[in-house]
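Accompanying notes for the structure given below.
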Amino acid sequence: MRAIDKGHLLKELVLNEVDEKHVDSLIAWIKDQPAYKELVDNIARSKKSNSIYAACLYDEYFKLAIEDIDSLEDAFIAYAKIIYLAKVSRNSHYINPLIFEEGVDENMKVGDIVIYYDNFLISLDELINSKDYSTSQKYKAVEDKITEWVEDLSDRLYKTIDELEENHRNIPDLRIMSGWRITELILIILLDMVAMFYLITNKQIVLDIMNAQDGTLGLTKILFYIFAGLFGILNVIFIVELITYASRNRKYVYARKYIFSNKRILSSEIMKAATNLKKYLINDLEKKLPLDKDVKEFSLDPRVVKYIHFLYVENYRGDKRKNNYFSVLNIIVLSLSIILMSTVVIITLLHLGGVL
Amino acid sequence: MNKFIIKLENKYITSFKELGENIYLHEDAAEKLLTSNKFLSFLRENDKGKYDQLIKINHKARDFEEFIFLSQYIFSPFMNIRHHTYAFNTLEELGEQIISFGPEVDIYLKDFLKYHLLSQYMVMVGWDKQKPHIYKKVLELEELYLKNENKAYFLLGFVLSGRKNLVYYNETYDEPHELFKALTHEFNVISYSHSLEKSQYIIAWLTHIGYEDAVREYEAINKLLLDMEQKYDN
(Lines give C-alpha, C1' and ligand atoms only; values in the text may rest on other atoms or scores of the structure.)
Protein backbone atom coordinates (compact mmCIF):
# COMPACT_ATOMS: atom_id res chain seq x y z
CA MET A 1 0.00 0.00 0.00
CA ARG A 2 1.30 3.45 -0.83
CA ALA A 3 2.48 5.66 2.03
CA ILE A 4 0.38 8.54 0.72
CA ASP A 5 -2.79 6.48 1.09
CA LYS A 6 -1.92 5.71 4.70
CA GLY A 7 -1.44 9.42 5.32
CA HIS A 8 -4.89 10.16 3.93
CA LEU A 9 -6.42 7.24 5.79
CA LEU A 10 -5.29 8.64 9.13
CA LYS A 11 -6.80 12.00 8.21
CA GLU A 12 -10.10 10.34 7.27
CA LEU A 13 -10.29 8.35 10.49
CA VAL A 14 -9.38 11.28 12.75
CA LEU A 15 -11.47 13.97 11.08
CA ASN A 16 -14.25 11.64 9.90
CA GLU A 17 -14.13 13.30 6.47
CA VAL A 18 -13.98 11.39 3.21
CA ASP A 19 -12.04 12.77 0.27
CA GLU A 20 -13.67 11.13 -2.75
CA LYS A 21 -10.84 12.07 -5.07
CA HIS A 22 -8.42 9.94 -3.07
CA VAL A 23 -10.87 7.09 -2.78
CA ASP A 24 -11.15 6.94 -6.57
CA SER A 25 -7.39 7.16 -6.95
CA LEU A 26 -6.88 4.32 -4.48
CA ILE A 27 -9.46 2.09 -6.16
CA ALA A 28 -7.76 2.64 -9.51
CA TRP A 29 -4.44 1.70 -7.91
CA ILE A 30 -5.93 -1.45 -6.34
CA LYS A 31 -7.28 -2.59 -9.68
CA ASP A 32 -3.80 -2.30 -11.10
CA GLN A 33 -2.23 -4.52 -8.45
CA PRO A 34 -1.08 -8.10 -9.19
CA ALA A 35 -3.28 -9.47 -6.39
CA TYR A 36 -6.42 -7.99 -7.90
CA LYS A 37 -5.59 -9.17 -11.39
CA GLU A 38 -4.82 -12.63 -10.09
CA LEU A 39 -8.10 -12.69 -8.19
CA VAL A 40 -10.09 -11.74 -11.28
CA ASP A 41 -8.39 -14.53 -13.27
CA ASN A 42 -8.88 -17.06 -10.49
CA ILE A 43 -12.57 -16.20 -10.13
CA ALA A 44 -13.09 -16.56 -13.89
CA ARG A 45 -11.52 -20.00 -13.66
CA SER A 46 -13.42 -20.99 -10.54
CA LYS A 47 -16.75 -20.19 -12.24
CA LYS A 48 -16.19 -23.32 -14.32
CA SER A 49 -15.92 -25.43 -11.18
CA ASN A 50 -19.01 -26.57 -9.37
CA SER A 51 -17.34 -27.16 -6.03
CA ILE A 52 -19.04 -25.49 -3.09
CA TYR A 53 -15.76 -23.88 -2.14
CA ALA A 54 -15.50 -22.25 -5.57
CA ALA A 55 -19.10 -21.03 -5.22
CA CYS A 56 -18.25 -19.47 -1.83
CA LEU A 57 -15.23 -17.76 -3.35
CA TYR A 58 -17.42 -16.34 -6.06
CA ASP A 59 -19.85 -14.99 -3.46
CA GLU A 60 -17.03 -13.41 -1.49
CA TYR A 61 -15.69 -11.80 -4.64
CA PHE A 62 -19.04 -10.23 -5.40
CA LYS A 63 -19.45 -9.00 -1.86
CA LEU A 64 -16.30 -6.92 -2.34
CA ALA A 65 -18.35 -4.57 -4.57
CA ILE A 66 -15.25 -2.53 -5.24
CA GLU A 67 -17.08 0.00 -7.42
CA ASP A 68 -19.37 0.93 -4.52
CA ILE A 69 -16.59 1.69 -2.05
CA ASP A 70 -16.88 5.22 -0.79
CA SER A 71 -14.20 5.63 1.88
CA LEU A 72 -10.50 4.99 2.23
CA GLU A 73 -11.15 2.81 5.27
CA ASP A 74 -13.39 0.49 3.26
CA ALA A 75 -10.91 0.51 0.39
CA PHE A 76 -8.07 -0.58 2.67
CA ILE A 77 -10.16 -3.39 4.13
CA ALA A 78 -11.30 -4.45 0.66
CA TYR A 79 -7.69 -4.56 -0.51
CA ALA A 80 -6.74 -6.77 2.43
CA LYS A 81 -9.62 -9.09 1.44
CA ILE A 82 -8.53 -9.03 -2.18
CA ILE A 83 -5.03 -10.12 -1.24
CA TYR A 84 -6.41 -12.92 0.91
CA LEU A 85 -8.90 -14.07 -1.72
CA ALA A 86 -6.28 -13.94 -4.47
CA LYS A 87 -4.28 -16.48 -2.52
CA VAL A 88 -7.09 -18.82 -1.48
CA SER A 89 -8.80 -18.69 -4.88
CA ARG A 90 -5.91 -20.42 -6.57
CA ASN A 91 -6.93 -23.75 -8.09
CA SER A 92 -4.66 -25.56 -5.71
CA HIS A 93 -6.81 -24.37 -2.76
CA TYR A 94 -10.16 -25.78 -3.81
CA ILE A 95 -9.45 -28.50 -6.29
CA ASN A 96 -10.88 -31.93 -5.62
CA PRO A 97 -8.48 -34.35 -7.34
CA LEU A 98 -11.18 -37.01 -7.60
CA ILE A 99 -13.19 -34.83 -9.96
CA PHE A 100 -10.82 -33.07 -12.30
CA GLU A 101 -12.79 -30.26 -13.91
CA GLU A 102 -12.54 -28.19 -17.02
CA GLY A 103 -10.52 -25.01 -16.55
CA VAL A 104 -8.20 -26.45 -13.92
CA ASP A 105 -4.49 -26.44 -14.75
CA GLU A 106 -3.85 -29.69 -16.65
CA ASN A 107 -0.31 -29.95 -15.31
CA MET A 108 -1.10 -29.36 -11.65
CA LYS A 109 0.76 -31.79 -9.43
CA VAL A 110 -0.74 -33.50 -6.43
CA GLY A 111 1.96 -31.92 -4.27
CA ASP A 112 0.73 -28.43 -5.20
CA ILE A 113 -2.71 -29.02 -3.68
CA VAL A 114 -3.15 -26.76 -0.67
CA ILE A 115 -5.02 -27.90 2.42
CA TYR A 116 -6.03 -26.11 5.60
CA TYR A 117 -4.28 -27.82 8.50
CA ASP A 118 -3.53 -26.68 12.03
CA ASN A 119 -4.83 -23.16 11.16
CA PHE A 120 -2.42 -22.85 8.26
CA LEU A 121 -2.66 -23.20 4.52
CA ILE A 122 -0.03 -25.71 3.50
CA SER A 123 0.63 -27.60 0.29
CA LEU A 124 0.82 -31.39 0.41
CA ASP A 125 4.52 -31.28 -0.51
CA GLU A 126 5.19 -28.84 2.33
CA LEU A 127 3.24 -31.04 4.74
CA ILE A 128 5.29 -34.09 3.80
CA ASN A 129 8.55 -32.25 4.32
CA SER A 130 7.49 -30.35 7.41
CA LYS A 131 9.40 -31.00 10.61
CA ASP A 132 6.63 -29.47 12.72
CA TYR A 133 4.37 -32.52 12.57
CA SER A 134 4.84 -36.19 13.35
CA THR A 135 4.27 -38.87 10.75
CA SER A 136 1.03 -39.95 12.43
CA GLN A 137 -0.26 -36.37 12.34
CA LYS A 138 0.54 -36.21 8.63
CA TYR A 139 -1.28 -39.52 8.00
CA LYS A 140 -4.33 -38.19 9.78
CA ALA A 141 -4.23 -34.92 7.81
CA VAL A 142 -4.08 -36.84 4.53
CA GLU A 143 -6.86 -39.27 5.52
CA ASP A 144 -9.12 -36.47 6.70
CA LYS A 145 -8.63 -34.58 3.47
CA ILE A 146 -9.35 -37.61 1.31
CA THR A 147 -12.52 -38.27 3.33
CA GLU A 148 -13.54 -34.67 2.67
CA TRP A 149 -12.96 -35.06 -1.07
CA VAL A 150 -14.93 -38.32 -1.17
CA GLU A 151 -17.82 -36.72 0.71
CA ASP A 152 -17.77 -33.70 -1.58
CA LEU A 153 -17.90 -35.88 -4.69
CA SER A 154 -20.47 -38.28 -3.24
CA ASP A 155 -22.67 -35.34 -2.22
CA ARG A 156 -22.58 -33.98 -5.74
CA LEU A 157 -23.33 -37.32 -7.25
CA TYR A 158 -26.19 -38.19 -4.90
CA LYS A 159 -27.64 -34.71 -5.06
CA THR A 160 -27.63 -34.96 -8.84
CA ILE A 161 -29.30 -38.37 -8.71
CA ASP A 162 -31.93 -37.14 -6.23
CA GLU A 163 -32.76 -34.21 -8.50
CA LEU A 164 -33.07 -36.55 -11.48
CA GLU A 165 -35.39 -38.86 -9.56
CA GLU A 166 -37.53 -35.92 -8.46
CA ASN A 167 -38.13 -34.94 -12.07
CA HIS A 168 -38.79 -38.32 -13.60
CA ARG A 169 -39.89 -36.83 -16.88
CA ASN A 170 -36.81 -34.58 -17.08
CA ILE A 171 -36.70 -31.14 -15.55
CA PRO A 172 -39.57 -29.01 -16.83
CA ASP A 173 -37.25 -26.34 -18.11
CA LEU A 174 -35.63 -28.72 -20.59
CA ARG A 175 -38.69 -30.44 -22.03
CA ILE A 176 -39.02 -29.75 -25.74
CA MET A 177 -42.74 -29.37 -25.43
CA SER A 178 -43.20 -27.71 -22.07
CA GLY A 179 -46.40 -25.91 -21.13
CA TRP A 180 -45.16 -22.56 -22.37
CA ARG A 181 -43.84 -23.91 -25.63
CA ILE A 182 -47.19 -25.52 -26.37
CA THR A 183 -48.84 -22.17 -25.63
CA GLU A 184 -46.42 -20.44 -27.99
CA LEU A 185 -47.02 -23.05 -30.67
CA ILE A 186 -50.81 -22.63 -30.48
CA LEU A 187 -50.50 -18.84 -30.69
CA ILE A 188 -48.17 -19.02 -33.68
CA ILE A 189 -50.33 -21.54 -35.51
CA LEU A 190 -53.39 -19.36 -34.90
CA LEU A 191 -51.54 -16.29 -36.15
CA ASP A 192 -50.26 -18.11 -39.21
CA MET A 193 -53.78 -19.39 -39.95
CA VAL A 194 -55.35 -15.96 -39.53
CA ALA A 195 -52.64 -14.41 -41.67
CA MET A 196 -53.11 -17.00 -44.42
CA PHE A 197 -56.88 -16.63 -44.28
CA TYR A 198 -56.55 -12.85 -44.54
CA LEU A 199 -54.17 -13.04 -47.45
CA ILE A 200 -56.32 -15.50 -49.36
CA THR A 201 -59.67 -13.77 -48.82
CA ASN A 202 -58.30 -10.28 -49.49
CA LYS A 203 -55.92 -11.11 -52.28
CA GLN A 204 -56.81 -8.07 -54.38
CA ILE A 205 -56.38 -5.63 -51.48
CA VAL A 206 -53.04 -7.15 -50.64
CA LEU A 207 -51.92 -6.84 -54.31
CA ASP A 208 -53.03 -3.19 -54.37
CA ILE A 209 -51.08 -2.51 -51.21
CA MET A 210 -47.97 -4.15 -52.57
CA ASN A 211 -48.19 -2.14 -55.81
CA ALA A 212 -48.92 1.17 -54.13
CA GLN A 213 -46.39 3.95 -54.56
CA ASP A 214 -47.54 6.66 -52.18
CA GLY A 215 -50.52 8.05 -50.33
CA THR A 216 -52.44 6.13 -47.72
CA LEU A 217 -51.88 2.85 -49.51
CA GLY A 218 -48.17 3.60 -49.70
CA LEU A 219 -48.08 4.02 -45.93
CA THR A 220 -50.11 0.88 -45.53
CA LYS A 221 -47.52 -0.92 -47.70
CA ILE A 222 -44.76 -0.01 -45.27
CA LEU A 223 -46.84 -1.20 -42.36
CA PHE A 224 -47.63 -4.35 -44.22
CA TYR A 225 -43.96 -5.12 -44.78
CA ILE A 226 -43.18 -4.44 -41.11
CA PHE A 227 -45.99 -6.70 -40.12
CA ALA A 228 -44.83 -9.45 -42.46
CA GLY A 229 -41.26 -9.03 -41.24
CA LEU A 230 -42.30 -9.44 -37.63
CA PHE A 231 -44.28 -12.50 -38.57
CA GLY A 232 -41.23 -14.01 -40.18
CA ILE A 233 -39.04 -13.16 -37.19
CA LEU A 234 -41.54 -14.72 -34.82
CA ASN A 235 -41.57 -17.98 -36.71
CA VAL A 236 -37.76 -18.04 -36.97
CA ILE A 237 -37.31 -17.35 -33.27
CA PHE A 238 -39.71 -20.08 -32.37
CA ILE A 239 -37.83 -22.55 -34.54
CA VAL A 240 -34.53 -21.46 -32.96
CA GLU A 241 -36.06 -21.96 -29.53
CA LEU A 242 -37.20 -25.45 -30.44
CA ILE A 243 -33.78 -26.41 -31.82
CA THR A 244 -31.98 -25.03 -28.73
CA TYR A 245 -34.11 -26.93 -26.30
CA ALA A 246 -34.03 -30.07 -28.40
CA SER A 247 -30.25 -30.02 -28.35
CA ARG A 248 -30.02 -29.43 -24.59
CA ASN A 249 -32.71 -31.96 -23.94
CA ARG A 250 -30.87 -34.59 -25.92
CA LYS A 251 -27.65 -34.01 -23.98
CA TYR A 252 -29.57 -34.04 -20.75
CA VAL A 253 -31.41 -37.25 -21.55
CA TYR A 254 -28.18 -38.97 -22.52
CA ALA A 255 -26.32 -37.84 -19.38
CA ARG A 256 -29.27 -38.71 -17.19
CA LYS A 257 -29.54 -42.18 -18.68
CA TYR A 258 -25.84 -42.79 -18.15
CA ILE A 259 -25.90 -41.69 -14.52
CA PHE A 260 -29.04 -43.66 -13.72
CA SER A 261 -27.80 -46.85 -15.28
CA ASN A 262 -24.39 -46.58 -13.57
CA LYS A 263 -25.28 -45.15 -10.19
CA ARG A 264 -24.31 -48.27 -8.26
CA ILE A 265 -21.00 -48.61 -10.06
CA LEU A 266 -20.22 -44.90 -9.59
CA SER A 267 -20.13 -45.16 -5.78
CA SER A 268 -17.54 -47.91 -5.95
CA GLU A 269 -15.64 -45.96 -8.65
CA ILE A 270 -15.36 -43.04 -6.25
CA MET A 271 -14.04 -45.28 -3.47
CA LYS A 272 -11.57 -46.89 -5.88
CA ALA A 273 -10.23 -43.48 -6.96
CA ALA A 274 -9.96 -42.37 -3.32
CA THR A 275 -8.10 -45.55 -2.32
CA ASN A 276 -5.72 -45.13 -5.23
CA LEU A 277 -4.98 -41.55 -4.22
CA LYS A 278 -4.56 -42.48 -0.56
CA LYS A 279 -2.06 -45.24 -1.42
CA TYR A 280 -0.01 -42.81 -3.44
CA LEU A 281 -0.06 -40.12 -0.76
CA ILE A 282 0.83 -42.47 2.10
CA ASN A 283 3.59 -44.14 0.12
CA ASP A 284 5.26 -40.85 -0.78
CA LEU A 285 4.70 -39.51 2.73
CA GLU A 286 6.57 -42.49 4.22
CA LYS A 287 9.42 -42.11 1.79
CA LYS A 288 9.33 -38.28 1.87
CA LEU A 289 9.11 -38.15 -1.91
CA PRO A 290 7.69 -35.18 -3.81
CA LEU A 291 4.11 -35.72 -4.99
CA ASP A 292 4.81 -35.00 -8.61
CA LYS A 293 2.11 -37.00 -10.35
CA ASP A 294 -0.54 -34.99 -12.17
CA VAL A 295 -3.78 -34.45 -10.32
CA LYS A 296 -5.82 -35.64 -13.29
CA GLU A 297 -4.38 -39.17 -12.93
CA PHE A 298 -6.52 -39.70 -9.84
CA SER A 299 -9.76 -38.29 -11.15
CA LEU A 300 -12.83 -40.31 -12.02
CA ASP A 301 -13.47 -41.16 -15.67
CA PRO A 302 -13.62 -37.77 -17.45
CA ARG A 303 -16.90 -38.74 -19.11
CA VAL A 304 -18.51 -39.26 -15.70
CA VAL A 305 -17.09 -35.95 -14.48
CA LYS A 306 -18.49 -34.24 -17.56
CA TYR A 307 -21.97 -35.74 -17.07
CA ILE A 308 -22.11 -34.99 -13.37
CA HIS A 309 -21.00 -31.43 -14.02
CA PHE A 310 -23.51 -30.96 -16.83
CA LEU A 311 -26.42 -32.40 -14.88
CA TYR A 312 -25.46 -30.45 -11.76
CA VAL A 313 -25.50 -27.19 -13.72
CA GLU A 314 -28.74 -27.97 -15.57
CA ASN A 315 -30.49 -28.95 -12.36
CA TYR A 316 -29.24 -25.75 -10.76
CA ARG A 317 -30.48 -23.69 -13.70
CA GLY A 318 -33.77 -25.55 -13.68
CA ASP A 319 -34.17 -24.90 -9.93
CA LYS A 320 -33.37 -21.26 -10.45
CA ARG A 321 -35.98 -20.95 -13.13
CA LYS A 322 -38.69 -22.89 -11.26
CA ASN A 323 -40.18 -19.68 -9.98
CA ASN A 324 -39.14 -17.69 -12.93
CA TYR A 325 -41.40 -18.86 -15.72
CA PHE A 326 -40.04 -16.97 -18.66
CA SER A 327 -36.76 -17.32 -20.47
CA VAL A 328 -35.65 -14.56 -22.81
CA LEU A 329 -36.86 -16.50 -25.84
CA ASN A 330 -40.24 -17.06 -24.18
CA ILE A 331 -40.58 -13.35 -23.57
CA ILE A 332 -39.72 -12.42 -27.16
CA VAL A 333 -42.00 -15.01 -28.72
CA LEU A 334 -44.95 -14.32 -26.45
CA SER A 335 -44.63 -10.55 -26.74
CA LEU A 336 -44.45 -10.64 -30.52
CA SER A 337 -47.35 -13.08 -30.69
CA ILE A 338 -49.55 -10.87 -28.54
CA ILE A 339 -48.67 -7.71 -30.48
CA LEU A 340 -49.29 -9.35 -33.83
CA MET A 341 -52.44 -11.08 -32.67
CA SER A 342 -53.81 -7.81 -31.34
CA THR A 343 -52.92 -6.04 -34.59
CA VAL A 344 -54.67 -8.69 -36.64
CA VAL A 345 -57.78 -8.48 -34.46
CA ILE A 346 -57.88 -4.68 -34.71
CA ILE A 347 -57.38 -4.68 -38.50
CA THR A 348 -60.06 -7.34 -38.89
CA LEU A 349 -62.54 -5.38 -36.80
CA LEU A 350 -61.80 -2.19 -38.73
CA HIS A 351 -62.20 -4.04 -41.97
CA LEU A 352 -65.48 -5.55 -40.93
CA GLY A 353 -66.64 -2.15 -39.73
CA GLY A 354 -65.95 -0.71 -43.16
CA VAL A 355 -63.22 1.64 -42.00
CA LEU A 356 -60.51 -0.17 -44.05
CA MET B 1 38.63 9.21 53.87
CA ASN B 2 41.89 9.79 51.97
CA LYS B 3 42.14 12.71 49.63
CA PHE B 4 42.39 11.91 45.95
CA ILE B 5 42.52 13.32 42.44
CA ILE B 6 40.84 11.42 39.60
CA LYS B 7 41.17 12.40 35.97
CA LEU B 8 38.00 11.94 34.00
CA GLU B 9 38.96 12.72 30.42
CA ASN B 10 40.13 16.35 30.69
CA LYS B 11 38.54 17.03 34.08
CA TYR B 12 40.17 16.60 37.49
CA ILE B 13 37.84 15.30 40.18
CA THR B 14 38.66 15.67 43.90
CA SER B 15 35.51 14.33 45.58
CA PHE B 16 32.97 11.56 45.11
CA LYS B 17 30.18 14.14 44.85
CA GLU B 18 32.01 15.89 42.06
CA LEU B 19 32.54 12.51 40.40
CA GLY B 20 28.80 11.78 40.52
CA GLU B 21 28.00 15.21 39.10
CA ASN B 22 30.32 14.75 36.12
CA ILE B 23 29.77 11.15 35.13
CA TYR B 24 27.02 12.11 32.66
CA LEU B 25 29.45 14.33 30.75
CA HIS B 26 32.13 11.68 30.32
CA GLU B 27 30.30 8.37 30.32
CA ASP B 28 32.83 6.22 28.51
CA ALA B 29 35.69 7.37 30.70
CA ALA B 30 33.48 6.97 33.77
CA GLU B 31 32.69 3.39 32.89
CA LYS B 32 36.36 2.54 32.56
CA LEU B 33 37.04 4.17 35.90
CA LEU B 34 34.17 2.59 37.82
CA THR B 35 35.07 -0.89 36.65
CA SER B 36 38.83 -0.58 37.16
CA ASN B 37 40.41 -2.64 39.95
CA LYS B 38 42.41 0.33 41.19
CA PHE B 39 39.32 2.51 41.73
CA LEU B 40 37.27 -0.33 43.20
CA SER B 41 40.05 -1.11 45.72
CA PHE B 42 40.28 2.56 46.66
CA LEU B 43 36.49 2.79 47.02
CA ARG B 44 36.34 -0.37 49.16
CA GLU B 45 38.96 1.02 51.52
CA ASN B 46 37.47 4.50 51.77
CA ASP B 47 33.71 4.03 51.53
CA LYS B 48 32.51 0.41 51.86
CA GLY B 49 28.88 1.49 51.58
CA LYS B 50 29.33 3.07 48.19
CA TYR B 51 31.47 0.17 47.09
CA ASP B 52 28.74 -2.35 47.97
CA GLN B 53 26.14 -0.27 46.15
CA LEU B 54 28.33 -0.02 43.06
CA ILE B 55 28.92 -3.79 42.98
CA LYS B 56 25.20 -4.40 43.39
CA ILE B 57 24.36 -2.08 40.49
CA ASN B 58 27.07 -3.67 38.35
CA HIS B 59 25.41 -7.06 38.81
CA LYS B 60 21.89 -5.77 38.41
CA ALA B 61 22.27 -3.46 35.40
CA ARG B 62 21.35 -4.96 32.08
CA ASP B 63 23.43 -2.57 30.09
CA PHE B 64 26.23 -0.02 30.22
CA GLU B 65 23.70 2.88 29.98
CA GLU B 66 21.78 1.67 33.01
CA PHE B 67 24.93 1.04 35.00
CA ILE B 68 26.34 4.52 34.36
CA PHE B 69 23.02 6.24 35.02
CA LEU B 70 22.45 4.54 38.36
CA SER B 71 26.09 4.77 39.45
CA GLN B 72 26.17 8.56 39.34
CA TYR B 73 23.48 8.68 42.06
CA ILE B 74 25.59 6.58 44.39
CA PHE B 75 28.16 9.36 44.47
CA SER B 76 25.70 12.29 44.29
CA PRO B 77 22.25 11.10 45.46
CA PHE B 78 20.31 14.37 45.26
CA MET B 79 21.05 15.28 41.70
CA ASN B 80 18.56 16.17 39.03
CA ILE B 81 17.95 13.89 36.05
CA ARG B 82 21.18 13.54 34.13
CA HIS B 83 22.05 11.37 31.18
CA HIS B 84 24.53 11.65 28.34
CA THR B 85 25.17 15.41 28.62
CA TYR B 86 21.48 16.17 29.25
CA ALA B 87 20.39 17.59 32.62
CA PHE B 88 16.75 18.15 33.60
CA ASN B 89 15.46 19.67 36.80
CA THR B 90 11.89 18.57 36.22
CA LEU B 91 10.00 15.94 34.30
CA GLU B 92 8.40 18.73 32.26
CA GLU B 93 11.82 19.80 31.02
CA LEU B 94 12.57 16.25 29.90
CA GLY B 95 9.18 16.09 28.12
CA GLU B 96 9.78 19.41 26.37
CA GLN B 97 13.20 18.29 25.22
CA ILE B 98 11.74 15.15 23.68
CA ILE B 99 9.03 17.12 21.89
CA SER B 100 11.41 19.83 20.72
CA PHE B 101 13.20 17.31 18.55
CA GLY B 102 10.00 15.87 17.03
CA PRO B 103 9.51 14.22 14.58
CA GLU B 104 13.20 13.31 14.95
CA VAL B 105 14.19 10.97 17.74
CA ASP B 106 17.09 11.40 20.14
CA ILE B 107 18.53 7.97 20.85
CA TYR B 108 19.90 9.03 24.27
CA LEU B 109 16.54 10.37 25.43
CA LYS B 110 15.04 7.06 24.31
CA ASP B 111 17.22 5.39 26.93
CA PHE B 112 14.89 6.69 29.64
CA LEU B 113 12.32 4.14 28.47
CA LYS B 114 14.60 1.59 26.91
CA TYR B 115 16.68 0.97 30.06
CA HIS B 116 13.95 1.95 32.52
CA LEU B 117 16.10 4.87 33.69
CA LEU B 118 13.22 7.24 34.34
CA SER B 119 11.11 4.83 36.41
CA GLN B 120 14.16 3.85 38.49
CA TYR B 121 15.00 7.52 39.06
CA MET B 122 11.44 8.25 40.16
CA VAL B 123 11.62 5.45 42.72
CA MET B 124 15.03 6.69 43.92
CA VAL B 125 13.77 10.21 44.62
CA GLY B 126 10.33 9.19 45.87
CA TRP B 127 8.38 10.51 42.88
CA ASP B 128 6.66 7.16 42.45
CA LYS B 129 4.68 8.07 45.59
CA GLN B 130 4.48 11.82 44.98
CA LYS B 131 3.41 11.57 41.34
CA PRO B 132 1.73 8.15 41.13
CA HIS B 133 -0.24 8.99 37.99
CA ILE B 134 2.89 9.89 36.04
CA TYR B 135 4.83 6.96 37.47
CA LYS B 136 2.10 4.57 36.35
CA LYS B 137 2.14 6.15 32.90
CA VAL B 138 5.92 5.78 32.65
CA LEU B 139 5.63 2.06 33.49
CA GLU B 140 2.93 1.66 30.81
CA LEU B 141 5.12 3.43 28.29
CA GLU B 142 8.05 1.15 29.12
CA GLU B 143 5.76 -1.78 28.18
CA LEU B 144 4.61 -0.01 25.03
CA TYR B 145 8.24 0.65 24.13
CA LEU B 146 8.72 -3.08 23.56
CA LYS B 147 6.05 -3.00 20.81
CA ASN B 148 6.42 0.51 19.40
CA GLU B 149 9.52 2.41 20.45
CA ASN B 150 8.89 5.74 18.81
CA LYS B 151 5.24 5.96 19.78
CA ALA B 152 6.12 5.29 23.42
CA TYR B 153 8.98 7.79 23.24
CA PHE B 154 6.87 10.66 21.92
CA LEU B 155 3.98 9.82 24.21
CA LEU B 156 6.42 10.16 27.09
CA GLY B 157 7.29 13.61 25.80
CA PHE B 158 3.65 14.70 25.63
CA VAL B 159 2.74 13.17 28.98
CA LEU B 160 5.68 14.72 30.84
CA SER B 161 5.42 18.13 29.18
CA GLY B 162 1.63 18.28 29.49
CA ARG B 163 1.50 19.83 26.03
CA LYS B 164 -1.70 19.61 24.04
CA ASN B 165 -0.45 21.24 20.86
CA LEU B 166 2.03 19.88 18.35
CA VAL B 167 5.15 21.53 17.02
CA TYR B 168 5.99 20.08 13.64
CA TYR B 169 8.98 21.48 11.80
CA ASN B 170 8.68 24.80 13.59
CA GLU B 171 4.95 25.17 13.07
CA THR B 172 2.56 24.87 15.99
CA TYR B 173 -0.79 23.12 15.56
CA ASP B 174 -3.52 23.19 18.17
CA GLU B 175 -6.05 20.96 16.38
CA PRO B 176 -5.77 17.93 14.10
CA HIS B 177 -7.83 19.75 11.49
CA GLU B 178 -5.16 22.45 11.10
CA LEU B 179 -2.40 19.85 11.02
CA PHE B 180 -3.96 17.70 8.31
CA LYS B 181 -4.86 20.70 6.22
CA ALA B 182 -1.20 21.66 6.14
CA LEU B 183 0.28 18.19 5.83
CA THR B 184 -1.99 16.86 3.11
CA HIS B 185 -1.25 19.83 0.92
CA GLU B 186 0.42 18.66 -2.28
CA PHE B 187 3.81 20.09 -1.23
CA ASN B 188 3.88 18.29 2.10
CA VAL B 189 1.84 15.16 1.67
CA ILE B 190 4.61 12.89 0.46
CA SER B 191 7.11 13.71 3.20
CA TYR B 192 4.34 13.60 5.82
CA SER B 193 3.07 10.22 4.62
CA HIS B 194 6.51 8.67 4.47
CA SER B 195 7.54 9.80 7.92
CA LEU B 196 4.15 9.14 9.56
CA GLU B 197 4.69 5.54 10.56
CA LYS B 198 8.43 5.55 10.99
CA SER B 199 8.44 8.57 13.28
CA GLN B 200 5.12 7.98 15.15
CA TYR B 201 5.27 11.58 16.32
CA ILE B 202 1.87 12.62 14.95
CA ILE B 203 0.32 9.32 15.99
CA ALA B 204 1.57 9.81 19.55
CA TRP B 205 0.15 13.32 19.63
CA LEU B 206 -3.25 12.20 18.35
CA THR B 207 -3.30 9.44 20.97
CA HIS B 208 -2.39 11.94 23.67
CA ILE B 209 -5.13 14.44 22.80
CA GLY B 210 -7.94 11.88 22.76
CA TYR B 211 -8.03 10.35 19.28
CA GLU B 212 -6.95 6.97 20.56
CA ASP B 213 -9.85 5.13 18.93
CA ALA B 214 -9.08 6.53 15.49
CA VAL B 215 -5.40 5.73 15.95
CA ARG B 216 -6.20 2.22 17.12
CA GLU B 217 -8.37 1.65 14.06
CA TYR B 218 -5.65 3.03 11.80
CA GLU B 219 -3.06 0.71 13.34
CA ALA B 220 -5.39 -2.30 13.12
CA ILE B 221 -6.10 -1.69 9.43
CA ASN B 222 -2.40 -1.28 8.68
CA LYS B 223 -1.49 -4.41 10.57
CA LEU B 224 -4.15 -6.40 8.73
CA LEU B 225 -2.87 -5.17 5.39
CA LEU B 226 0.74 -5.85 6.29
CA ASP B 227 -0.09 -9.41 7.38
CA MET B 228 -1.99 -10.07 4.16
CA GLU B 229 0.75 -8.60 1.98
CA GLN B 230 3.37 -10.77 3.69
CA LYS B 231 1.27 -13.92 3.32
CA TYR B 232 0.58 -13.16 -0.33
CA ASP B 233 4.29 -12.75 -1.05
CA ASN B 234 4.94 -16.11 0.57
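Throughout, a chain's letter reflects where its sequence line sits, starting with A, and its residues are numbered from 1.
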B:Ile203 versus chain A, the contacting section by heavy-atom distance below 4.5 Å:
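Contact with chain A involves the side chain of B:Ile203 alone.
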Toward chain A, the part of B:Tyr211 with a non-hydrogen atom under 4.5 Å:
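Contact with chain A: side chain only.
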Between [X] and [Y], does the ring centroid distance fall short of 6.0 Å?
X	Y	result
B:Tyr121	B:Trp127	yes
B:Tyr24	B:His84	no
B:Phe112	B:Tyr153	no

Under 4.0 Å between a side-chain nitrogen and a carboxylate oxygen: does that hold for A:Glu17 and A:Lys11?
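Looking at A:Lys11 together with A:Glu17, the answer is no, because their closest N to O distance does not fall below 4.0 Å.
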Considering only heavy atoms and a distance below 4.5 Å, find which of A:Leu9, A:Asp5, A:Val14 pairs most often with chain B.
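Looking at each of A:Leu9, A:Asp5, A:Val14 in turn, A:Val14 comes out on top.
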Answer with side chain, backbone, both or neither: which region of A:Glu12 has an atom nearer than 4.5 Å to a non-hydrogen atom of chain B?
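Neither the backbone nor the side chain of A:Glu12 comes within 4.5 Å of chain B.
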Under 4.5 Å from a heavy atom of chain B, the part of A:Leu10 involved
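For A:Leu10, backbone and side chain are both near chain B.
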Output the distance between atom NZ (A:Lys145) and atom NZ (A:Lys278), rounded to the nearest 0.5 Å.
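One gets 15.5 Å once the value is rounded to the nearest 0.5 Å.
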